[in-house]
Amino acid sequence: MKSLLDNVMWNCLSGPQARFAAGSGAVRRYAPGFSPIIGCRDPERPDFAELAKHAAPGDSFYVDIWSGAAPDGWRIDKEARMFKMVWEAPAPAEDAAPDAVALRPEHAVRAVELAKLTNPGPFGIRTPELGEYFGYFEGDRLIAMAGERMEVGTLREISGICTHPDFQGRGLARRLTLKLVHREMRRGLTPYLHVMSHNTGARALYEKLGFRNYLETTVRVITRVA
């Protein structure tokens, strides 16, 4: 089952989450409003001509694995390395965050604001529709959150893990992550997540919780310029 992570964006967008996708042929993207991510049947040779039919000039996307030169009409804005980590520990015995609030559509704007501030990865106003999201509030302000994004086979991604800088050090993100692990494993699923290779602090935390490295890949942000 872990091998589905080798090209998880395509396996997800052309499979279980096809209803949230746009695109055709050998390329898919999350529909506008969701996380700006693309998946390609052949991730080493993305079909940019096909993708351009489903992207407006100025649209930016995260693309996994591909490391070639930018074709005409596209620009590479960022490049980094990223780990896929899979849960390999026993299931948590209990809910680590029973007091967390289930995020609803009326919380979407606050979720986007927190994601813009903390940059946990690609996030859109409709991303919380992809699974369960939970958070902590200080008054009306969302100060920490985590939720579910991609799914393929029995693998379920935990994503959007972040805490407002003013409230770090309280273990909120850890508790929310373990809550999702607990809930997913009760459903017979295997949690996994993405983390940037240079984020050694987060990687160490996830490993301490029970995640293990599975695969490291190149990830880029690309923009359609024409």
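Computed from a prediction, not measured in an experiment: that's the story for all the values here. The figures here come from the full heavy-atom set of this structure, side chains too, leaving out hydrogens, waters and symmetry mates.
- Separation of atoms CD (E184) and NZ (K179) is listed at 12.0 Å; rounding is to 0.5 Å.
- Ring planes of Y30 and F34: tilted class, angle from 30 to 60°.
- Atom-to-atom distance recorded for M145:CE and C162:SG is 3.5 Å, nearest 0.5 angstrom.
- By the neighbour-count criterion of 12 heavy atoms within 6.0 Å, atom CG of D99 is densely surrounded, having more than that number from other residues, nucleotides or ligands.
- In this structure, the separation between CG on D6 and CG on L215 is 5.5 Å, given to the nearest 0.5 Å.
- Panel note: side chain R224, backbone A226; a donor-acceptor pair is recorded below 3.5 Å.
- Criterion: ILVMFWY side-chain heavy atoms under 4.5 Å apart, direct or through other members. Under it, L178 and F211 are part of a common hydrophobic cluster.
- With hydrophobic clusters built from ILVMFWY side chains whose heavy atoms lie under 4.5 angstrom apart, M85 does not share a cluster with L4.
- Looking only at distances, no side-chain donor or acceptor of N199 sits under 3.5 Å from a matching main-chain atom of V195.
- The pair E88-K2 meets the salt-bridge criterion, since a charged nitrogen lies less than 4.0 angstrom from a carboxylate oxygen.
- Residues L180 and L114 do not share a hydrophobic cluster, clusters being chains of Ile/Leu/Val/Met/Phe/Trp/Tyr side chains in contact below 4.5 Å.
- Ring geometry for F123 against Y133 counts as perpendicular: the plane angle is over 60°, on a 0 to 90° scale with 30° as the lower cut.
- Note: the hydrophobic cluster containing F20 does not contain W10 (ILVMFWY, side chain heavy atoms under 4.5 Å, direct or indirect links).
- With values rounded to the nearest 0.5 angstrom, T177 atom OG1 is found 7.0 Å from L205 atom CG.
- Distance alone, capped at 3.5 Å, is enough to place a donor-acceptor pair between the W87 side chain and the A89 backbone.
- Remark: side-chain polar atoms of D47 are not paired, donor with acceptor, to backbone N or O of G25 under 3.5 angstrom.
- Checked by atom type and distance alone, the side chain of R220 never pairs as donor or acceptor with a backbone atom of D64 at under 3.5 Å.
- Linking Ile, Leu, Val, Met, Phe, Trp and Tyr residues whenever their side-chain heavy atoms come within less than 4.5 Å leaves L130 and L103 in two separate clusters.
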